[in-house]
Number of protein chains: 2
Amino acid sequence: MAKTTIADVARLADVSASSVSNLLNGRSQRMRPATQERIQNAIEALGFTPSLAARQLKTGHSPFIGLIVPSVADPFFGCFARYVEEEASEKGYQVLLGNSDRNSDREKRYAEMLWGSGVRGIIFGSSLVKFDHLADLYREGMHFVSFYRSAHSGAQFIADSIGVDNIQATRLLTKHLLALGHRRIGFVSGPTDMICRLDRLEGFYKTLEEANISIDKQLVWEGANGDFGSTSFIELGRQGAHYLLSLSEPPSAIIAINDMHAFGVYAGARDLGVKVPEDLSVAGIDDIMLSAVSVTPLTTIKQPIRDIARLSVERLIDRLENDSAQEPVHLMLPSSLIVRESTSRYAGRPAR
Amino acid sequence: MAKTTIADVARLADVSASSVSNLLNGRSQRMRPATQERIQNAIEALGFTPSLAARQLKTGHSPFIGLIVPSVADPFFGCFARYVEEEASEKGYQVLLGNSDRNSDREKRYAEMLWGSGVRGIIFGSSLVKFDHLADLYREGMHFVSFYRSAHSGAQFIADSIGVDNIQATRLLTKHLLALGHRRIGFVSGPTDMICRLDRLEGFYKTLEEANISIDKQLVWEGANGDFGSTSFIELGRQGAHYLLSLSEPPSAIIAINDMHAFGVYAGARDLGVKVPEDLSVAGIDDIMLSAVSVTPLTTIKQPIRDIARLSVERLIDRLENDSAQEPVHLMLPSSLIVRESTSRYAGRPAR
DNA sequence: CCCTATTAGTGTAACGATACACTAAGTCTT
DNA sequence: AAGACTTAGTGTATCGTTACACTAATAGGG
């Protein structure tokens, strides 16, 4: 119960505390194998584990990284969090989890708590358009890796980012629906406070333009801004579907900003007796686990989430350990269209 | 960039470091309001945050709690993790996340890492039947709160537990199906290495017995034990459905060990052209967010997950802060049956 | 107006590990 | 055999905070 210290080990092994410390820190070439073994035995006999607090106080860094996601209850971010934790754990780091609800105040408060805890690197699962709330911490020396924050943001500083090309993602989706004959395509985006959403919307608009289809702003549902945090993505998707399907000229296909919203669109369509895919094609982005096995398997864009998680952790740890003042890194991984059963050829009539 | 310390604050406010420390630790009655304000201003001017490492080294405890779940990628545990984080954050604690895949070695390794990091309390989202791998840490002084570990376990020690009555849960479900006329009821449990699963199975058996229905062990699918960790709950549910629906006398209803498995059963039924609920009734346990809005909304047992999370955090922090050597606490919260559309009256024929 | 309480602070020794400069032997080299 | 070098360690100050024992000054009571 009373904590065993390096001094206890030293006493038992009949060496100085310095030698124990040397062994612990890989300077084992500085002692004879016999001494090494004696220390090793003492460590095991006492069940000694070094105090991270003391170590951190002395060395100035801790084996923790922060992970801030909108909500780990969302399957996409839950999955991301899992891979991040797995990768970090393999590299000897532990993950401190925070849920931001995409609220910049919460992000800031959380990041500051982490700084106080000695954490010097944070992975963000979301990228708010506004990033300046973290500028102070960045200047103090905090490192950030953001899931998809491309270089085009006008922030006061630029963090590393890793993700997919979101413009390309919706381009693939839009082209797919156009090829199926759809001409009135709805878009359920929710609040466009994140860069990835802005880009997804842009890919959608661009592709329509290129196909010479006039853009009807009515077909883009951004949701109510107020109650965002408390309402789940599913519920938002449902509201979006209700809105779009109640238009005087409803769309025959809907792209949702992500798969959870798409499931909400399923639910909304079902509420109104609209059948997917017969009456309405639906497509999402993310390819969460459920999308493949839902009763109507969802057409979507697969994000290489495991790779993104792995690379994010690698990037962050590299920054942490070789505090290289390199240029920020922006990686864009390929994403791919996965056609399942939720999209079908335009039946020549509106959804309802 | 250079860390500001309590001494910097003291210098600026023209007081001793002790006074700053006193203010920081709520002993503000020991100084005049004017002094207090001077210190406060200095803290803000310098953007000072105390070093947790130093504080921890001195006081011996850290504002961290561990959370170990099978996988945060699973929506149920993701949701649990979110509520735990929220509650902990409100109480000034931060959450260190670990994914165990329900592997006791991983649990142990993780718990030891946490101990080394100064963490003195862990919340477990799963309760392996075997618990002894944590006995050493328990003796050293680690506190555990487990999601549902009832008193009946024959472990070397007993931790606090909070959860629902799982026997009651499957009793409600089984009675519901019996009332709908089902007599051959399948059960997709997956590996029964967790206490909650054992109890759920027990509730199922007991209720059948009470109804004088002979138990056919064939109807209980426990899955392959080997590849467990890597296979998702959905995939397991699907395999279970394939197995049960291919029996010479298939069941007309299936209870799944949780909602994710139930979605897997949906998928498995769909693979074989079996319609839910017309041909097959399906019920789950958990009531995750998706269950209410899936294309066939799922009949399930609602777990008061938010309350469980809240109480778990409260319990743990109480143990941490008032190291009361009280008796272990075992709380059982009520759960309730939620009937949706995935269960229907027995049609008088087997599923296929 | 002296003695005792109270108020408003301060000084110092830890907490446990580490890095660096140091030393006392032993080993080469020529 | 003397000097240089290597090996195998050790001593000590330090990281930033806190708890506790301490003190100086003011206030109150008789």
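Only heavy atoms go into these numbers, but all of them, side chains included; no hydrogens, no water, no symmetry mates. Chain A is the first sequence line, chain B the second, and so forth, proteins listed ahead of strands; every chain is numbered from 1.
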In whole angstrom, what separates [X]'s [atom1] from [N]'s [atom2]?
| X | N | atom1 | atom2 | value |
| --- | --- | --- | --- | --- |
| A:Asp14 | D:dA8 | CG | C1' | 14 Å |
| A:Gln29 | D:dT7 | CD | P | 10 Å |
| B:Leu23 | C:dG9 | CG | C1' | 13 Å |

Review point. If you measure only the distance, is there a donor-acceptor pair under 3.5 Å linking the side chains of A:Ser126 and A:Arg102?
Key: no
Review point. Going by atom types only, do B:Ser161 and B:His330 share a side-chain donor-acceptor pair under 3.5 Å?
Key: yes
Practice item. Take A:Leu320 and A:His61, measure what side-chain contact (heavy atoms from CB on, under 4.5 Å) needs, and give me the verdict at the end. Key: CA-CA 9 Å; A:Leu320 254 27; A:His61 48 268; over 6 Å; no
**Study point:** Result of checking B:Arg109, B:Lys108, B:Glu107 against B:His133 for side-chain hydrogen bond (donor to acceptor under 3.5 Å, both in side chains)
**Key:** B:Glu107
Check your understanding: What do you reckon, are the aromatic ring centroids of B:Tyr93 and B:Phe64 less than 6.0 Å apart?
Key -> no
Practice item. Kindly say whether the aromatic ring centers of A:Phe124 and A:Phe144 come within a distance under 6.0 Å. Key: yes
Check your understanding: With sequence neighbours excluded, what pairs up with A:Arg11 under the side chain to side chain contact (heavy atoms under 4.5 Å, CB included) test?
Key -> A:Ala7, A:Asp8
**Study point:** Nucleic acid footprint by protein, nucleotides 15-25 of chain D - heavy-atom cut-off 4.0 Å, B for base, S for sugar-phosphate alone
**Key:** BBBBB------
Check your understanding: Around atom CG of A:Asp14, are there more than 12 heavy atoms of other residues, nucleotides or ligands at under 6.0 Å?
Key -> no
Practice item. Scan residues 31-46 of chain B against DNA chain D and write down, sorted by residue number, each residue with any heavy atom closer than 4.0 Å; if none is found, say none. Key: none
